[in-house]
Amino acid sequence: MTVRIGVLNGPNLNLLGTREPEHYGTLTLAEIERRIGQVADEASAEIECFQSNDEGTLVDWVQARAPSIDGWLVNAAALTHTSVALRDAIQASGRPFVEVHLSNVYAREPFRHTSLLADLAIGVIAGFRVDSYVFGLRALIGHLQAAE
Ligand code: DQA
């Protein structure tokens, strides 16, 4: 069966390409999504990508898409460190997820060292720029396919 992955991107990730390239690299979000689209194709998986700068919109998307989604790839961006609402929405979805970050959040400001998602995640990958998404997606697909 084809696994379906929801790819959630949080606030300010629409600015990738020009935003702080020393932390996030130079690829745009569209380019990252194309790259992980190739990874999904190779694994016969499907991805559905969504980005919003708004916490409530992300919660609404998770609630709306959960019935059709087998797992989530999540870069909640700043909401990683602050959002109980997004944590609750992902937990309520009952779907497994992998948390990813482009930058190594543990080598940055202390407030980025706390994640309100990580203890619920299958795993966390940080610091590999676009490859955080690639590794995270492969790990999630492997997890879901093994469970089938
Ligand atoms: C980020 C790290 C967060 O701390 C930050 O707020 C982001 C991006 C990353 O991908 O490295 O917006 O999630």
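Whatever order the structure lists them in is the order used to number ligands and atoms, beginning at 1. Residues take their numbers from the sequence shown, with the count starting at 1. Source: prediction; values computed, not measured.
- In this structure R4 satisfies the salt bridge (Lys or Arg N to Asp or Glu O under 4.0 Å) test together with E46, E48, sequence neighbours excluded.
- Although no hydrogens or angles enter the test, the distance criterion places a donor-acceptor pair under 3.5 Å between the side chain of Q51 and the main chain of G10.
- Within the structure, the ring pair (Phe, Tyr, Trp, His ring centres under 6.0 Å) test picks out no pair touching residues 8-40 (sequence neighbours left out).
- A heavy-atom cutoff of 4.0 Å around ligand 1 is satisfied by the protein residues R19, Y24, N75, A77, A78, H81, H101, L102, S103, V105, R112.
- Pairs passing the side chain to side chain donor-acceptor pair (under 3.5 Å) check and including a residue from residues 119-133, sequence neighbours excluded, read N9-Y133, N75-Y133, R87-D119.
- No side-chain N or O of T80 forms a donor-acceptor pair with one of E99 less than 3.5 Å apart.
- Side-chain contact, S93 with W72: a donor N or O sits under 3.5 Å from an acceptor N or O.
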